[in-house]
Amino acid sequence: MQAQYQPAEVERAAQAAWKASGAHRAVEQPGKRKYYCLSMFPYPSGKLHMGHVRNYTIGDVLTRYHRMRGLNVLQPMGWDAFGLPAENAAMANGVPPAKWTYDNIAYMKKQLQSLGFALDWEREIATCRPEYYKWNQWLFLRMLEKGIVYQKTGVVNWDPVDQTVLANEQVIDGRGWRTGAVVEKREIPMYYMAITRYAPQLLEALDALPGWPERVKLMQANWIGRSEGVNLAFPYTLDGQRQLLRAFTTRADTLMGVTFCAVAAEHPLASRAARDNPALAAFIEECKRGSVMEADMATMEKKGMATGLAVEHPVTGEAVPVWVGNYVLMSYGEGAVMGVPAHDERDFAFANKYGLPIRQVIAVEGESFSTDVWREWYADKTQGRCVNSGRYDGLGYQAAVGAIAADLAAKGLGEKQTTWRLRDWGISRQRYWGTPIPLIHCEGCGVVPVPDEQLPVVLPEDCVPDGSGNPLNRRRDFLHVACPKCGKLARRETDTMDTFVDSSWYYLRYACPDNPGAMVDERVNYWLPVDQYIGGIEHAILHLLYSRFWTKVMRDLGLVSIDEPFANLLTQGMVLNEIFFRREGPRRVYFNPAEVEVAVDDKGARTALTLRADGLPVESAGIGTMSKSKNNGVDPQALIEQYGADTARFFMMFTSPPEQTLEWSDSGVEGAYRFLRRVWSFAQEHAATVRAAAGAFEPRDAVLRREVHALLGQASYDMERKQFNTVASAGMKLLNALQESAAEASAAALREGLGVLLRVLYPVTPHLAHVLWTELGYGADITLSPWPQVDQAALVQDKIELVLQVNGKLRGSLLVARDAGREAIEHAALAHPGVLRFTNGAVPRKVVVVPGRLVNVVV
RNA sequence: GCCGGGGUGGCGGAACGGUAGACGCAGCGGACUCAAAAUCCGCCGGGGGCAACCCCGUGAGGGUUCGAAUCCCUCUCCCGGCACCA
C-alpha cells in the first residue's frame, strides 16, 4: 500500500474483501445471541441527505461494535417507497411515480454501498412492491374481520379550485399551495383503525421499555393522554323531542359555575339552530374554512356565536345558553364542552369577549377572585374548595367530583368516564401512490372485501398524477371489477393507505422477506424484537406509536409472539441547515444554501443574501431540519467523493453526540480527513517495527500503556453509552499519545497501542482499519477480531493528584500516595502553601475529602 | 397555543454534583521551502498584573449545597411534534 492515504483505493479494497467473504450476511443461528440493529428506512427522495448519513453511520457503528462483542448481528435496509413526493415529482416532470421511485432507489442504494455499511442486502425490501404491500392488504382484511378497521367520516383539507384533497403540508396559511385558493374542510367517508382500543395497553407498556429515552415515553404518554372525568348530559326539548347534549369534563367540581355550553360547527345542534338563523349559518360556514391542523386551530382567534337555543343545567335545571365555538372540535369527545369561565382560561377569555356571566365556584384561601384578570389559581384543582355551589360547598376537588358524579348518575345525566386524547387512526388517502385498499363497491352487495386469493390488488405503475385528484379514478382497467359476491360489474375502492401503514411492520418483514406465502414466519421469532432501533426524533410519536399498535394487533391475531417491537431506541437529533426562499405569489420557492451568497461586514454581521445564479436577493426563513421541501439539504456525495466514506463517517460521528440536533457546517471535515491521514502515515512509518514485534513490554512503556488503556476504557464506556463523538476523540487522543511516545516505546507497546487504536476506530472507519489491520499483520480479518480488553494492571498508579479547594475554589493540587489515609491527606492539604494563603491560619470549619479526587477546606 | 428537548470560547463540542473549555475546527506566531501547499512546534474565554498570581465567566434572574454547566423555581430564545411530509 501507498505511504500516502488513498481513501478511494482503501475503500475499494475493503469493500471487495467484505463482498467476497459475505461479511455482512446475517444467518439465523439458534443458540447464538442475536442483535437486531435497525435504522429507520429512508424515503427514496432522490439522494441521501446528511440525516441519512448520520442515522446509518450510527447504526453501522453499533452493528460492527456488537459483532466484535460476539453477537450475531442483523442490519437490514429497505425503502419506504410510497408517498407524496413521488406524486409531486410526477406533476413537475411528467414521470410516473413508480419510475421516479425505482430510479431513486437504484441511485441511493449505490450511495449507501459506497459508505461501506455492513448491511445484509439480501433482505432488501421496498414497500411499493406488490410482494410487500400485499400483506398490508391482507392484514387490513383481518382487521376488518375483527372490527379493528371500520368506516366513518373524517375531515380533510379541500382545495375548491383543483377539486382535490390536500395534505397538511400542501396548505400554506390556509390556502392551497398550487392554486392559492382558501382551503375548506370537507367531511368524507374514510377507513379507521381502532388504535384507541389499545390505548390502555400502549400507555401501560411504556413502563416495560427501559431502553427507550424518557422524553419519548413522556411524549407518547401525553399523546395517548388518559384523563379521568365525567361524561355529563344537559337535557333540552327541541321540536317536541326530549334530548340530551353530551359533554365530557375533567372538572365536574366546577359544574355549578357553568354559564354556557359551546358546540362544534359540525354539531347537530348547531346545524339545527342554523336552519332558521342565516347569521349563524354564515358563521358555521366561516368555521368550516381554513385548515384542519391542530396547531392552526389552537392559535387562531377564538370566536363564537349564540345559537339562541338553551339546555338545562343537569343539577339546577337552570337555562344554559348554547353557543357555537370555532375552537370546539367535533372529533374530540362529544363535540361539545361545558363553559366554566371562572375556572378555565379559554372559557374566561371567551366569556369576557362575548359578555357572558362569570360565576366563581372555587375559592383558595387568601386569594381574591376578579372577573377582570385571569390568575393561575382559578384553574388549580389541588388547593381549591367549592363555593357558591349549594350542597357541594366546602368540598375539595376529588370529593366534589365524586359527589356531583353520584348525583348525576342518580338522575341518569352523567357517569364517571376515562377518556383518551388519542384518536382512531384514519388510514384512507385520496391518492394514487400508495397501497390500494382491498375493497370493492357493489351496487347490490355494498362494500365487499377482496378475497384473499385475489391479493394483492396491484397498483398500476404507469399513472402520472396531475394535481387534479387520484388518477386511479380514471383507470377503467383498475376500477372495473366483478363483484366477488354476485359477479356483477362493481367498482374498486380507489383510496390508498396512509404510508405509516407500510412502516408499521417493515421491521418484521426483514426477518423473512423472501416468503411469498406468509406475512411473517418462524424467523421473526429468532430476530425480533429489534435490539436497537435508530431514527430521527421527529418520529418519536406517530411512527413509533403506530408500529407498537400494529405489533399488538399482530400479536392478538397470533402472528407474532412479541408485545413490543423495539427493545432499545436511540432518537437521533435532526440535522439542521439554514432555509432560503423567495416569495412568488402565495408560494415560496426555496433555494439550496450552496446556491446562496452570504455577504458579511468586517464584524461578521450579515449584510446581504443573494442567489449566486442571478445576484438578486433571497430571504432567510431561519434554521430548520434538512428537507427536500425546504431545499436546504447538503449532498453528502460531494463529501464522499472528495474525502472518502471513512472521513464522512468519522466527521458525522465526531461532530456531535447522536441525540443532539446538529447544525450543519462544512468546517471540520478537513480535520477529520487530516486525522485519518495521520493514522495512515503513522501506521506506514512504523509498519516494519509493528509487524516484527515479538518482545515483552519494558518498564519505560508504563506511561504509554497507562494512557492507551485509560483511553480504551473511556472509548469502551462511551461506546456502551453510544456517545460516539467521544469515541472518535478517544481515537484522536490515542494517536497523539502513540506519536508522543513512538521514539522511546518498545516495539511490543507500539504494536499493542496501534492495535487498540485500529479496533477502536474500526466501527467508525472500517475501511481504513480493515486494510491497516491486515497489512500490519495483526490477523486475518478485523471484522472477526474481538473488541480489545482494558489491562487493569496497566492503569495502576503509585501516586495520585488531588485537587485542593478552599471554600470550593481551586487553590492548588497535591500529589499523594495511592493508599494515603484520610488524616494524612487532610494534614498535607492544610499545610499546602496555596491553602494557607486563603485560610490565614484560621481553624477550618470543615474539611471535605473526596477519595481520589479532591480536598475542600471550608473556613 | 399545547406537549417534548436544548442554550458552555470565534465555531463543533468535553466535563460519576468535585481542576469548566478535553478532542477538533478557525485564527495568530514560528520551523521547513526560492516560494507556496503539505507537514511539524508554540499560543489561543474575558479582565488585571513585570511576575508569582488574582478577579470574572457555562442564555437571564433566584434557590439548594462544603462545592452547581450539572439539581430545583421563574423568565427568555432556539429546535422537534401536533394526527394527510416522511
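Below, chain A is the first sequence line, B the second, and so on; all start at residue 1. What you are looking at is a predicted structure, and each value in this text was computed from that prediction instead of being measured.
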Exercise for review: Tell me, yes or no, whether the heavy-atom count around A/Lys302 atom NZ, taken from other residues, nucleotides or ligands under 6.0 Å, exceeds 12.
Suggested key: yes

Distances under 3.5 Å between protein N/O atoms and the N/O atoms of nucleotides 44-53 of chain B, please, pair by pair.
{"from": "B/C53", "atom 1": "O3'", "to": "A/Arg837", "atom 2": "NH1", "distance (Å)": "3.3"}

Practice item. Under 4.0 Å from any atom of RNA chain B, heavy atoms only: list the residues of residues 850-859 of chain A that qualify, in numerical order. Key: A/Val850, A/Arg853, A/Leu854, A/Asn856, A/Val858

Review point. Hey, what's the ring geometry for A/His543 with A/His539, parallel, tilted or perpendicular (30° and 60° as the breaks)?
Key: perpendicular

Using the 3.5 Å cut-off, write out each protein N or O paired with an N or O of nucleotides 25-32 of chain B and the distance between them.
{"from": "B/C25", "atom 1": "OP1", "to": "A/Arg674", "atom 2": "NH1", "distance (Å)": "2.7"}

Review point. With a non-hydrogen cut-off below 4.0 angstrom, is A/Arg721 in contact with a base, only sugar-phosphate, or nothing?
Key: sugar-phosphate

Review point. With distance as the sole test, does A/Trp433 use its side chain to make a donor-acceptor pair with the main-chain N or O of A/Ala81 at under 3.5 Å?
Key: yes

Review point. Which part of the nucleic acid, if any, lies within contact of A/Val216, taking any heavy atom under 4.0 Å across all strands shown: a base, the sugar-phosphate backbone alone, or nothing?
Key: nothing

Point to revise | Face-on cation placement of A/Lys152 at A/Tyr192 ring, 6.0 Å and 45° thresholds | key: yes

Review point. So, A/Arg175 and A/Glu184, do they make that salt bridge, N to O below 4.0 Å?
Key: no

Check your understanding: Do A/Gln714 and A/Asp718 have side-chain N/O donor and acceptor atoms under 3.5 Å apart?
Key -> yes

Exercise for review: May I ask you to evaluate whether A/Asn736 reaches the phosphate of B/G24, defined as a side-chain N or O under 4.0 Å from OP1 or OP2?
Suggested key: yes

Practice item. For A/Arg346, answer base if it contacts any base atom (sugar-phosphate contacts may also be present), sugar-phosphate if it contacts only those atoms, and nothing otherwise; contact means non-hydrogen atoms under 4.0 Å. Key: nothing

Practice item. Indicate yes or no: at least one non-hydrogen side-chain atom of A/Pro7 is less than 4.5 angstrom from one of A/Tyr643. Key: no

Practice item. Please say whether the positively charged group of A/Arg677, taken as NZ for Lys or CZ for Arg, lies over the ring of A/Tyr5, i.e. under 6.0 angstrom from the six-membered ring centre and within 45 degrees of the axis. Key: no

